Amino acid sequence: MKDGRQTQHKAWLQALLSLLVPGLGQAVGGAISRGFYIFLTEAVLSGLAVFAAAQRPRYPDYGLSFHAYLQLLGASAALVIFLLALYWLARRVSLRSEFAKTAAGPTFAALSALIAVLVAPRMVDTVLAPEEQKKLFALTALFTAMVVAAIWAWNIYDAAQVRGKAHAPSLTPFYLLLIVGIITLGARIVQINPDKAIREYKDTGVILSRIVWPWKVAFDYKASQLVAEAKVQAPCPPGATPPPVNQPQEGKPWVVVTPTCGELSKRDTKGKLTFGTQLTIRGGGFQPGKKVHILWENPIGNAFTPRGVGPTEIVVGPDGTFSTQLYIPDVTIPSMAQGAQIHTLRVVQRGTAKFTGKLSKAMKLALEKMLESIMMGLMATAAGILLSVPLSFLAARNLMHNIHTTTEGFVGGVLGLVGGAYAGKRLADVLTPLVGGLEKAPVLTFTIYVVLVLGLAIGAYRLLSRALAQAGERLHPTLSLSIGILGMALIGGGVGYALGIGYAHGILGITRGAEAAQAMAHSSGMFGAALGAALAAFWAGRLGANGKIPIGQFIYAAVRLLLNIGRSIEPLIWAIMGVIWVGPGAFAGFIALTIHSVAALGKLYSEAIESIDPGPIEALQATGATRLQTIVYAVVPQVLPPFTAFTLYRWDINVRMSTIIGLVGGGGIGFLLIQWIHQFQYEQAGLAVWLITITVATLDFISANIREKMV
Amino acid sequence: MLVVEHLTKVYEDGTIALKDVNFTVEDGEFLVIIGLSGSGKSTLLRCINRLIQPTEGRILWNGVDITQANDAEMRRIRREIGMIFQHFNLVERSSVLTNVLTGRLGYLPSWWSLVNFFPQSEKRRAMQALERVGIADKAHNRADALSGGQKQRVGIARALMQDPKIILADEPVASLDPVLAHSILGYLEKLNQEHDITVLCSLHYLDLVQRYATKVIGLRDGRVVYEGTRENIRNITDEEFKHIYGQEAQRLSVGG
Ligand SMILES: Nc1ncnc2c1ncn2[C@@H]1O[C@H](COP(=O)(O)OP(=O)(O)OP(=O)(O)O)[C@@H](O)[C@H]1O
Ligand SMILES: [Mg+2]
């Protein structure tokens, strides 16, 4: 009895606490994380809403003042409490009837919705001054406020029920309210406005229709046309010799204009037209029943349709002739032209456009760029696979976590990277003048470099290992190990550097010329040095494999970090960087997609590796298999199916991305698309859109098919 | 001869799985390790071929200390030690033949694996190993298409590829039915008797232990609490039994 009273007491206290600070009552009642999340939710929702309200100066149409917001909040809370009270009453009244009890919930929900719809707008009227109302994205703000209030109310009820972590009521109402809140706020922030979308459809309709059905411009059309011309002189000074009058001809379109000499119409500054000489025009030999167009060509060869001086489109009679009258139009004659000028009156009858079966220039260009896009996606996927597979092994925890090295191994590796490169540079400095004659004999240079350097390296390696083996008994093991590791790293770095230079001087010398080779020698050398020294450091590290330094975990963490960075930056942003780096074009797009693919695939691959069955790995290690053999025979077969699936999926994404990466200068069809849009060539843009759609859909289909067969 | 001296294993989380374990295995013995779940049987077997790095102690294999071997030496030692597992540890998606061939990797150059190359002689050897365990007809099936008993036979064939001088078997029959259990242990016994391969095997059921072991070691909480010959284990007293398995333990049999 006493116990019961105490719980009663506690429930009231918790409810009160939660009334003051949402979540506090739950926390006091023992459900600390529950209380924390409730508080967090209320804080974030209110914060977001207040933030939205604070945007008023920027979006005067949508914002709402904090004060008004608080008022709305209060009103909403009142409404929610009213509804809850209603619900409680309904439950009370219907307690005796089972049916009424079950019906109470849905009825209540429907009723609440109805009340919210009917009352909410009134509430806005009551709470807000008219000028404030204008600034209100009314229902959104209201709903958000209501959600905050509703969660608050629920939280009070919830707090009264909480007895420790284990004994707490269902969270479903909370989640429902939260979803409503997020959707409302989201709609507000994105400024979803269906009304606007409908209102402004009409303007876009014309352009949209050009984009949606662009096939006119996909092909070349040849319009056969019948043309006849007559010369007219204007102005007509006395004593001029006007052009001769044409004569009707057989089997050919003709036009006869009289007189062939006359005055131009004139337009004064107010735009009023004073007619000049009227011409009588007769023509024949045209297709009956169809229109002819009259064009006027001024002395410097610009043709136009004369306006306001008579009919310019005449239907040809059944015998193929027509006649009409036309004033000589007003023509602005270039100031250099003096005196009488010869104009041309042209009669044109366009036949139906004939399909030539040839693709238009725009279509050819679009197809070419589409191919470029697809290739870009393909190459990026291929490069992505090549680079991400080794990375993914380094980023797989289960393979890396038990790789250790000794201090000497670690230090030797690092020193080897730096010292090896330096040693290699010295070697290259000595070798280059010795070999010489780069301009004359690049192939020879390269060969000598390779043979000499590899020879030296093998010699050094032999010498070192023999010396160490002999000194082994006398030297301290740590010292001998240190020397061995450092020596290996130095050999690796040196060889790498020298070979890099050799590559630049040789291969690049052939393909790009001596000058370019010289310029690139150093960077190639450094790259080679890094590779060589890394390799040597790796082997050296193996010597110290029983050490304590968890080098594998370092590498794992570093690679993971790199992959995460690569993935968090969107391909479009990588493309912008790529454009800065190598200039606009498909190569920049390729770089962007490759970087993103490597990061994304690396992560997916490494997760596939992490989830494999460790049993076979253990079994193979037990047979004495090396790490490489273990990977080939125990890891690869297990990860092949997921790798294939991920790769297909990535290929899909890459081709999709490659079609729009051109928007930021990354080459491919996107580049063309954005250009055409900027030039208002909507049909052409439509072609690009269609091609992209077709490609992506086809690809979707293909990859879905392959995936189905794979699994 | 395998000599284990003062072997201690402390896992990174502080669990002491083995504490000062000492014993000797003569060539040609069928030594069975018994003990409750968690007593350290798997840890002990994995320390011997250093799938687990021991914390302290020495393991001498024909006079060479396994715990101090470098990578190259370890490879040479491991290929003389075959291992079979409770859950077979086959590569399920690979063919039976490939699974058996991987037993030979310790003898083959590392880079051959890059081109997935096994010489014909090794393939013949693998077929012979499969014939010895009686499933040569399944050579080209995928491993996941086999039954449990067949999988364990593949596991044995894989170990045979190593030309092992000793076989470690970690509860090799725990996921098999009694009839299969006898058949698998029968193979091991045959290898032990006819080919002079030493066997180190952990088992759960006392009647199996009594039937196959030539020597028995009992582990409890990482310590050796029992050592006995075939005669000793066949006449094990209740007191000894409870000393190994705890006071509440009941003798169980697998029948067969
Ligand atoms: N990787 C690990 N990390 C930490 N503790 C471990 C690890 N592996 C095993 N242990 C612990 O070491 C002890 C011995 O485990 P082990 O697997 O060797 O026992 P077992 O006798 O083989 O048991 P079972 O019969 O169940 O296979 C157990 O207490 C176990 O929890
Ligand atoms: Mg075990």
Side-chain angles (χ1 to χ4, degrees), chain A residues 389-390 393 398 401-406 409 465 468-469 472 477 480-481 484-485 538-548 550 553 608 611-644 710-711, chain B residues 12 45-46 48-53 67-95 98-118 142-143 155 158-159 161-162 164 167-168 170:
Chain A
V389 165
F393 281 86
N398 55 340
H401 83 278
N402 56 3
I403 298 180
H404 294 266
T405 186
T406 47
S465 30
L468 280 177
S480 120
L481 190 65
I485 287 169
F538 173 70
W539 282 104
R542 280 169 47 98
L543 290 181
N546 297 335
K548 288 274 181 297
Q553 285 175 41
S611 66
I612 62 174
D613 175 12
I617 298 178
E618 197 179 37
L620 260 63
Q621 275 173 356
T623 67
T626 60
R627 206 172 275 279
L628 177 68
Q629 288 171 326
T630 310
I631 286 175
V632 171
Y633 288 106
V635 179
V636 170
Q638 292 195 64
V639 297
L640 216 50
F643 272 33
T644 321
M710 286 285 315
V711 180
Chain B
E12 274 160 31
L45 286 172
R46 280 169 168 67
I48 290 173
N49 60 2
R50 250 183 53 199
L51 288 177
I52 293 174
Q53 186 67 33
T67 60
Q68 296 302 320
N70 66 24
D71 273 11
E73 287 162 350
M74 203 55 231
R75 182 170 153 94
R76 245 173 283 129
I77 295 168
R78 272 180 178 165
R79 66 191 188 198
E80 294 182 349
I81 306 177
M83 189 162 196
I84 53 185
F85 303 83
Q86 176 183 352
H87 299 292
F88 325 126
N89 288 1
L90 301 183
V91 182
E92 298 277 323
R93 294 183 53 89
S94 297
S95 72
T98 308
N99 266 292
V100 175
L101 280 168
T102 56
R104 198 66 186 168
L105 289 174
Y107 291 89
L108 301 176
S110 200
W111 58 269
W112 280 8
S113 63
L114 282 181
V115 287
N116 190 16
F117 172 75
F118 286 104
R142 256 169 61 155
R158 177 171 64 191
M161 286 296 280
Q162 294 174 235
I167 286 182
L168 310 175
D170 190 7

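The chains referred to below are lettered A, B, ... by the order of the sequence lines, with proteins before strands, and numbering in each begins at 1. Predicted, not measured: the structure shown is a model, and the values here were computed from it.
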Hey, mind stepping through A:T623 and B:T102 against side chain to side chain contact (heavy atoms under 4.5 Å, CB included) and telling me if it holds?
CA-CA 8 Å; A:T623 67; B:T102 56; 5.8 Å; no
Honestly, the part of B:R76 sitting under 4.5 Å from a heavy atom of chain A is neither
For this session: Kindly determine whether A:Q629 and B:L108 satisfy side chain to side chain contact (heavy atoms under 4.5 Å, CB included), including the steps that lead there.
Result: CA-CA 9 Å; A:Q629 288 171 326; B:L108 301 176; 4.3 Å; yes
For this session: Would you confirm whether B:R75, through its side chain, and A:G624, through its main-chain N or O, come within 3.5 Å as a donor-acceptor pair?
Result: yes
Rounding to 0.5 Å, atoms CG (B:L105) and OG1 (A:T626) come to a distance of 7.5 Å
One option among B:M83, B:R79, B:Q162 has the most heavy-atom pairs under 4.5 Å with chain A, and it is B:Q162
For residues 614-621 of chain A, tabulate all N or O donor-acceptor pairs below 3.5 Å that involve a side-chain atom, not counting sequence neighbours.
from   : atom 1 : to    : atom 2 : distance (Å)
A:E618 : OE1    : B:R46 : NH2    : 2.9
A:E618 : OE2    : B:R46 : NE     : 2.5
A:E618 : OE2    : B:R46 : NH2    : 3.2

For residues 630-640 of chain A, the salt bridge (Lys or Arg N to Asp or Glu O under 4.0 Å) pairs (sequence neighbours left out) are none
Looking only at B:G106, B:S113, B:G155, the option with the highest number of non-hydrogen pairs under 4.5 Å against chain A is B:S113
Okay, B:R93 and chain A: the region with an atom under 4.5 Å from a heavy atom over there is side chain
Okay, B:L90 and chain A: the region with an atom under 4.5 Å from a heavy atom over there is backbone
Regarding A:Y633 and B:N99, do their side chains bring together a donor and an acceptor under 3.5 Å, going by distance alone? no
All heavy atoms of B:N49 vs all of A:A622, minimum pair found to be ND2-CB, 3.5 Å
